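Quantities reported herein were computed from a predicted structural model and do not represent experimental measurements. As a basis for the values below, the full set of heavy atoms in this structure was taken, side chains included, without hydrogen atoms, waters or symmetry mates.
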Amino acid sequence: FHSLALAGAAAGLEVRLAHPDGSGPDPAIVERAVALGAPVNGRVIVGGEPAAAVRGADVVYADAWTSMGQEDQAERRRTAFSGFAVDGRLLLAARPDTLVMHCLPAHRGEEISAAVIDGPRSLVLEQAENRLHVQKAFLVESLG
């Protein structure tokens, strides 16, 4: 979420980060994102209430609760993040046209429900395809 906060704020977006206690962003990164956003009216809002974070949002972005190398923390994280799943219930707090993204790989039934990731609001497959093309272009450019 650090990269999203930095890039989103710098692009003039309002970025809302919802997280359980003890799992928030680095305050120095948030401060940097706020500074980057100031000239273009970008904002970063950090809080612990998922429904408040999605209210009025254009896009809800989910990420894995347990990243590679953190497997020993998986059970603790599942418990801590249990109220933060992007599912049909959470999306009731969002607008009806709010879209959903996820950087993959996804853990269906944890951070995002199968119904949402496979549903009509999901941009997840398009997002993955676009990332593939960007990565290929980067390789071509890097190899000269």
Side-chain angles (χ1 to χ4, degrees), residues 1-71 73-139 141-142:
F1 48 62
H2 289 133
S3 298
L4 286 173
L6 291 163
L13 303 175
E14 179 176 283
V15 179
R16 302 179 203 156
L17 306 172
H19 61 85
D21 289 339
S23 297
D26 181 326
I29 301 286
V30 172
E31 186 177 320
R32 177 73 177 133
V34 169
L36 287 170
V40 292
N41 296 318
R43 298 180 59 195
V44 177
I45 299 170
V46 180
E49 178 51 46
V54 304
R55 198 165 290 117
D58 294 315
V59 177
V60 173
Y61 195 110
D63 195 2
W65 294 343
T66 305
S67 297
M68 290 182 289
Q70 297 177 322
E71 290 83 6
Q73 301 173 24
E75 192 55 43
R76 181 185 63 77
R77 288 175 164 275
R78 266 193 289 280
T79 301
F81 282 84
S82 65
F84 291 80
V86 177
D87 56 17
R89 190 182 62 123
L90 179 63
L91 290 181
L92 289 174
R95 294 190 337 243
D97 61 343
T98 296
L99 299 171
V100 176
M101 298 177 78
H102 191 298
C103 57
L104 297 179
H107 302 100
R108 292 164 183 263
E110 285 186 20
E111 76 271 4
I112 191 164
S113 70
V116 169
I117 200 168
D118 296 326
R121 293 175 160 198
S122 177
L123 294 175
V124 174
L125 293 179
E126 291 89 339
Q127 178 184 1
E129 180 182 7
N130 289 337
R131 186 174 62 237
L132 171 68
H133 298 308
V134 168
Q135 290 167 336
K136 290 188 309 185
F138 178 78
L139 284 172
E141 191 65 28
S142 297

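A donor-acceptor pair is defined here as one N or O able to donate and one able to accept, closer than 3.5 Å; such a pair exists between the side chain of S82 and the backbone of T79. Looking only at distances, a side-chain donor or acceptor of Q127 sits under 3.5 Å from a matching main-chain atom of H102. Of the possible polar contacts, none joining the R43 side chain to the R16 backbone as a donor-acceptor pair under 3.5 Å is found. In terms of modelled atom types and a separation under 3.5 Å, the side chain of R131 and the main chain of C103 share a donor-acceptor contact.
Residues V40 and A11 share a closest heavy-atom pair of CG2-C, 4.3 Å. The shortest heavy-atom contact between F1 and S23 is CZ-O, 3.7 Å. Contact record, T98 with A94: OG1-CB, 3.6 Å, taken as the closest heavy-atom pair. Of all heavy-atom pairs between A33 and A5, the closest is CB-O, 3.6 Å. A64 and P105 get closest at one heavy-atom pair: CB-O, 4.2 Å. Of all heavy-atom pairs between A9 and V44, the closest is CB-CG2, 3.9 Å.
For the pair P25 and H19, the minimum side-chain heavy-atom distance is below 4.5 Å. The closest side-chain heavy-atom distance from L104 to I117 is below 4.5 Å.
With a 6.0 Å radius and a threshold of 12 heavy atoms from other residues, nucleotides or ligands, E31 has its CD atom at or below the threshold. For CG of D21, the number of neighbouring non-hydrogen atoms (other residues, nucleotides, ligands) closer than 6.0 Å is 12 at most. Shown here is E71, whose CD atom has more than 12 heavy atoms of other residues, nucleotides or ligands within 6.0 Å.
Taking NE2 of H107 as the start and CZ of R77 as the end, the distance is 11.5 Å to the nearest 0.5 Å. Atom CG of L36 is separated from atom CD1 of I29 by 10.0 Å, given to the nearest 0.5 angstrom. Expressed to the nearest 0.5 Å, how far CZ of F84 lies from CH2 of W65 amounts to 9.5 Å. Note that the CD atom of E111 and the CZ atom of R78 stand 10.5 Å from one another [nearest 0.5 Å]. How far CG of D87 is from CD of E110: 13.0 Å, rounded to the nearest 0.5 Å.
R108 is linked by a salt bridge (charged side-chain N to carboxylate O under 4.0 Å, His left out) to D118, counting only residues two or more places apart in sequence or in another chain. D58 is linked by a side-chain hydrogen bond (donor to acceptor under 3.5 Å, both in side chains) to R95, counting only residues two or more places apart in sequence or in another chain.
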- Task: Could you go through the side chain to side chain contact (heavy atoms under 4.5 Å, CB included) check for V100 and L91 one step at a time?
- Result: CA-CA 9 Å; V100 176; L91 290 181; 3.9 Å; yes
